[in-house]
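One-based numbering, in listed order, for ligands and for the atoms of each.
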Amino acid sequence: MNVPLLDLVAQYRSIKDEVLPAIMAVIERQAFIMGAEVGQLESAVAALSNTRHAVACASGTDALLLPLKALELQPGDEVITTPFTFFATAGAIHNAGGTPVFVDIDAATFNIDPAAVEAAVTPRTRGIVAVHLFGQMAPMEALLPIAARHGLALIEDAAQSIGARRKVDGAWRMAGELGTVGTLSFFPSKNLGAYGDAGMMITQDEALAGRLRRLRLHGGSREYFHDEVGFNSRLDTLQAAVLLAKLAHLAEWSAARARHAARYTKAFTGHPDVCPPRTDPANEHIFNQYTLRVPRRDELQAHLKEKHIGNSIYYPLSLHLQPCFAHLGYAKGSLPASETASAQVISLPVFPELTEAQQQAVIDAVLGFYA
Ligand SMILES: Cc1ncc(COP(=O)(O)O)c(C=O)c1O
């Protein structure tokens, strides 16, 4: 059986009658730039995320770049982050003029280790970018006091975690709700995916929201008048229309992912080799990825390929060891939990439309390899 890692065609077929009229409505009005759907999507995502403000932009990468630019980083200013994430997290720090400082992860959840963050703070530290990786939130209750104590911005890279929640001091808190700013990606493979690139910044801070709105529109609040040099990072109205139509399904899709994840975990729990991902009991995980740790990972990957089972390695080379960051001087072995994860992880199909038969084929292929 052929099981893709992600089946966007199946999803499109299931919502075609909702998405196509939404797209056509924008085309009929020819309102492509900052049309009404952009503001509607901002309001809907702010409501979902429990934030007062949402500012849509062109991608999840720009959603990181703009708030980092707002920090006005000077050469040598440091921003602490995880090396076990998609490249954009650290690339945005660099492109905003800062120096990424990588600290190790918690081996169980793959998320940044707050003790390592605390230990890395220096007089040059300006911010922390915590990533809510694979769909579960980093420990905000530990990160917020560190940021507060040292006067640092805390950016939540929630690209993979829209709608995820965590119990913080007894109350459910949404991804992006508690930090200085939360950043979202609507890259097509995300739980809420556009039909192209799209992103959003969410915040409680009105002044920051205003600054981000200016930065996404060439740094001006009035057309042709520029307070600072910004970017062209608007969200396309067509993408906003697609996302608005899809947003109505996000909760059911994330619940389906969680059900698939539970079925995988039941099948793999107790296996001597296959280690299912751990959900921190404080988290409600939305499973943008279902990521195993296994021995002989590359051989398993070749086996799955032979069986036509989609899979991917997120992420094969920890960011502190990427050639573009060689000048930062991190040695191999310096962040062992992240490096070990890179050698052991493999992500399996967990998309909402995955059928039971498809999932059984994945389980059989994985268990078959280690039998
Ligand atoms: C953790 C993380 N940060 C940032 C990004 C960047 O988002 P985008 O691809 O929308 O620019 C992504 C996604 O691709 C991501 O997974």
Side-chain angles (χ1 to χ4, degrees), residues 5-6 8 41 45 54-69 79-96 98 100 102-103 105 109-112 127-138 140 143 154-164 175-176 179 181-202 212 215-216 231-236 238-240 242-243 246 254 257 277 285-291 312-320 322 338 341-342 345 347 350-351:
L5 179 63
L6 182 65
L8 289 175
L41 181 71
V45 173
V55 182
C57 62
S59 69
T61 301
D62 279 4
L64 287 161
L65 180 64
L66 270 53
L68 284 162
K69 273 280 179 186
V79 178
I80 299 169
T81 195
T82 165
F84 195 65
T85 176
F86 179 62
F87 181 76
T89 311
I93 295 170
H94 173 91
N95 284 335
F102 296 109
V103 302
I105 56 169
T109 62
F110 304 115
N111 274 327
I112 198 165
I128 302 165
V129 182
V131 179
H132 301 319
L133 200 73
F134 297 153
Q136 75 170 323
M137 285 176 65
M140 292 300 290
L143 294 167
L154 175 52
I155 297 172
E156 295 178 61
D157 181 345
Q160 303 180 5
S161 291
I162 184 171
V181 62
T183 70
L184 302 171
S185 164
F186 303 118
F187 186 81
S189 64
K190 300 296 195 266
N191 285 31
L192 181 63
Y195 289 176
D197 277 307
M200 196 173 286
M201 302 161 281
I202 50 181
L212 296 172
L215 280 171
R216 99 178 145 180
F231 303 86
N232 174 0
S233 185
R234 296 172 294 238
L235 173 67
D236 191 314
L238 284 169
Q239 298 303 341
V242 169
L243 290 165
K246 291 182 76 172
S254 291
R257 286 172 177 272
H285 198 317
I286 62 155
F287 288 99
N288 182 242
Q289 300 299 340
Y290 183 89
T291 304
S312 192
I313 310 296
Y314 304 115
Y315 298 90
L317 183 61
S318 200
L319 296 189
H320 67 291
Q322 295 286 343
S338 178
S342 287
V345 291
S347 298
V350 73
F351 59 91

**OP:** Could you check D62 against F231 for side chain to side chain contact (heavy atoms under 4.5 Å, CB included), going step by step and ending with a plain yes or no?
**Re:** CA-CA 9 Å; D62 279 4; F231 303 86; 5.6 Å; no
**OP:** Only counting residues at least two apart or in another chain, list the ones meeting side chain to side chain contact (heavy atoms under 4.5 Å, CB included) with L8.
**Re:** L6, Q11, P188
Original post:
Residues two or more places apart in sequence or in another chain: which of them pass side chain to side chain contact (heavy atoms under 4.5 Å, CB included) with A159?
Top reply: D157, S185, K190
Return the closest protein heavy atom for [atom] as residue, atom name and distance.
| atom | answer |
| --- | --- |
| atom 11 (O) of ligand 1 | T61 OG1, 2.5 Å |
| atom 9 (O) of ligand 1 | F187 CD1, 3.8 Å |
| atom 5 (C) of ligand 1 | F86 CD2, 3.6 Å |
| atom 15 (C) of ligand 1 | A159 CB, 3.5 Å |
| atom 3 (N) of ligand 1 | D157 OD2, 2.7 Å |

Where ligand 1 meets [X] - atom numbers and elements under 4.0 angstrom, heavy-atom basis:
| X | result |
| --- | --- |
| A88 | 4 (C), 5 (C), 6 (C) |
| S185 | 7 (O), 8 (P), 10 (O) |
| V131 | 1 (C) |
| T89 | 3 (N) |

Original post:
Which atom names give the shortest non-hydrogen contact between A88 and T61, and what distance separates them?
Top reply: CB-OG1, 3.5 Å
Subject >> For A175 against H132, the heavy-atom pair lying closest together >> reply: CB-CD2, 3.9 Å
**OP:** Nearest heavy atom to atom 7 (O) of ligand 1 wins, so pick from A58, S59, S161, G60.
**Re:** G60
**OP:** Mind running side chain to side chain contact (heavy atoms under 4.5 Å, CB included) on L243 and L192 for me, showing each step along the way?
**Re:** CA-CA 7 Å; L243 290 165; L192 181 63; 3.8 Å; yes
**OP:** Please step through side chain to side chain contact (heavy atoms under 4.5 Å, CB included) for the pair V181 and L212, ending with a clear verdict.
**Re:** CA-CA 10 Å; V181 62; L212 296 172; 4.2 Å; yes
Subject >> Part of T85 with heavy atoms under 4.0 Å of ligand 1, whether side chain, backbone, both or neither >> reply: side chain
Subject >> Check: E156 side chain, G176 main-chain N or O, donor-acceptor pair, under 3.5 Å >> reply: yes
Original post:
Contact between K190 and ligand 1, counting heavy atoms under 4.0 Å?
Top reply: yes
**OP:** Please report the C-alpha distance between L41 and Q239 in whole Å, then the side-chain angles of each, then the deciding distance to 0.1 Å, and finally whether the side chain to side chain contact (heavy atoms under 4.5 Å, CB included) criterion is met.
**Re:** CA-CA 10 Å; L41 181 71; Q239 298 303 341; over 6 Å; no
Original post:
Is Q160 in polar range of ligand 1, meaning some N or O pair under 3.5 Å apart?
Top reply: yes
